[in-house]
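Every chain is numbered from 1 and lettered A, B, ... according to where its sequence line falls, protein lines coming before strand lines. Nothing here was measured: the structure is a model prediction, and the numbers come from that model.
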Protein chains: 2
Amino acid sequence: MAHSQGDDAGEMLIGDFARAVGSTKDTVRFYTRLGLLKAGERAAGQRHYAVYDQDQIDRFVFIEQCKALGFTLQEIGSAFREHEAGTLTALRQQEIMEAKLRSIEERIANLREAERKLRAKVERSGE
Amino acid sequence: MAHSQGDDAGEMLIGDFARAVGSTKDTVRFYTRLGLLKAGERAAGQRHYAVYDQDQIDRFVFIEQCKALGFTLQEIGSAFREHEAGTLTALRQQEIMEAKLRSIEERIANLREAERKLRAKVERSGE
DNA sequence: GTAGGGTGTGGACCATGGCCCACAGTCAAG
DNA sequence: CTTGACTGTGGGCCATGGTCCACACCCTAC
């Protein structure tokens, strides 16, 4: 493994982390800038290299799951901040999920409406 | 009507056109730059003012309908170009609509999948 | 002739989720 | 000691559908 020595409890540099989660360094940096991932620091000469551990892998996987559920990175970040502030109760989580559920249902309804109109047009043009 | 004299068969300046279709001058210019609307030209000193007629109003309405059906401005423009090239047969129109229908169905399926997962989570957290 | 409307052009900016590039420091192996 | 692979920073760019702004010109009414 390229640079992956010095495993202080599985800490790794960004490249290995990106490979581990099947993503890119740019994305990892992007998420880190947004506060979605927390990087440790390892001195490297006059500079610092970011290091990521298993927790961050879990976090990344969680983020991907949330994205698949339709949450934006913004929303995920805001939930993380609530979590850190200790205000993300089970009830609050449920509220968030139900709100998202409603917005998904709304989008489905809009798409279905478009589908209906479009189907009508196709059929009219077909006969 | 502010500037709306000199009606050469209902030609109007951009402001009146925008008001007529219930949109904004910026949007009208945007569509015009994209080639979705065709403006005539009226000399004004050293410059030219764009003029729009009834055909363009109809065009604008059509664009809005297409947007409501889920077509992007790009797609609409490309269809217009096919129309001008004379290649937009009824069959071709049907193809385009069916392709869009499929993409809408795909998006609905994705959203339903997210909805399903999310609902499962909400219920699990609810009990 | 001046104010107050209209207009065009060119550009920056918004959110979304990144990709890509250059430049420069770091580090290990040869 | 050089080569190659890695790293960070800072910036530009993509699509999408516009909004907003400044600056300059135009025209009409007073």
Legend entry - Pair Arg112(A) + Glu115(A), salt bridge at N-O below 4.0 Å: no
Inset, instruction - Could you label the plane-to-plane angle of the Phe80(A) and Phe62(A) rings as parallel, tilted or perpendicular, counting under 30° as parallel and over 60° as perpendicular? - result: parallel
Inset, instruction - Take the protein atom OH of Tyr52(A) and the nucleotide atom P of dT7(D), then report the distance between them rounded to whole Å. - result: 10 Å
Inset, instruction - State whether Lys67(B) places a side-chain N or O below 4.0 Å from either non-bridging phosphate oxygen (OP1 or OP2) of dG17(D). - result: no
Legend entry - 5' priority, DNA chain D, between Phe71(B) and Arg29(B) [closest heavy atom]: Phe71(B)
Inset, instruction - Using whole Å, report how far CG of Leu37(B) lies from P of dG8(C). - result: 13 Å
Legend entry - Interatomic distance, Glu64(B) CD vs dG18(D) P [rounded to whole Å]: 8 Å
Inset, instruction - Identify which nucleotide among dT7(D), dT7(C), dG8(D) has an atom closest to any side-chain atom of Leu13(A), counting heavy atoms from C-beta outward. - result: dT7(D)
Legend entry - Full working for salt bridge (Lys or Arg N to Asp or Glu O under 4.0 Å) between Arg92(A) and Glu95(A): CA-CA 5 Å; Arg92(A) 179 76 186 111; Glu95(A) 273 175 23; 3.1 Å; yes
Legend entry - Between P of dG18(C) and CG of Asp26(A), the distance in whole Å: 11 Å
Legend entry - Pair Thr32(B)-Tyr52(B), side-chain donor/acceptor within less than 3.5 Å: yes
Legend entry - Of Thr27(A) and Arg47(A), the one whose closest DNA chain C nucleotide lies more 5': Thr27(A)
Legend entry - Thr24(A) side chain near dG18(C) phosphate (N/O to OP1/OP2, under 4.0 Å): no
Inset, instruction - Kindly say whether, by distance alone, the side chain of Tyr31(B) makes a donor-acceptor pair under 3.5 Å with the base of dG18(D)? - result: no
Inset, instruction - Give the nucleotide from the list dG18(D), dT26(C), dG8(D) with an atom nearest to the side chain of Ala44(A). - result: dT26(C)
Inset, instruction - Grab the CZ-C1' distance between Arg19(A) and dC6(D) for me, whole Å please. - result: 9 Å
Legend entry - Separation of atom CD in Gln74(B) from atom P in dG18(D), rounded to whole Å: 14 Å
Legend entry - Nucleotide dT9(C), atom C1' - distance to CD1 of Ile14(B) in whole Å: 12 Å
Legend entry - Side-chain donor-acceptor contact under 3.5 Å, Glu106(A) with Asn110(A): no
Inset, instruction - To the nearest Å, give me how far apart NZ (Lys25(A)) and C1' (dG18(C)) are. - result: 15 Å
Inset, instruction - Report yes or no: is there a donor-acceptor pair, N or O only, under 3.5 Å between the side chain of Tyr49(B) and the base of dG6(C)? - result: yes
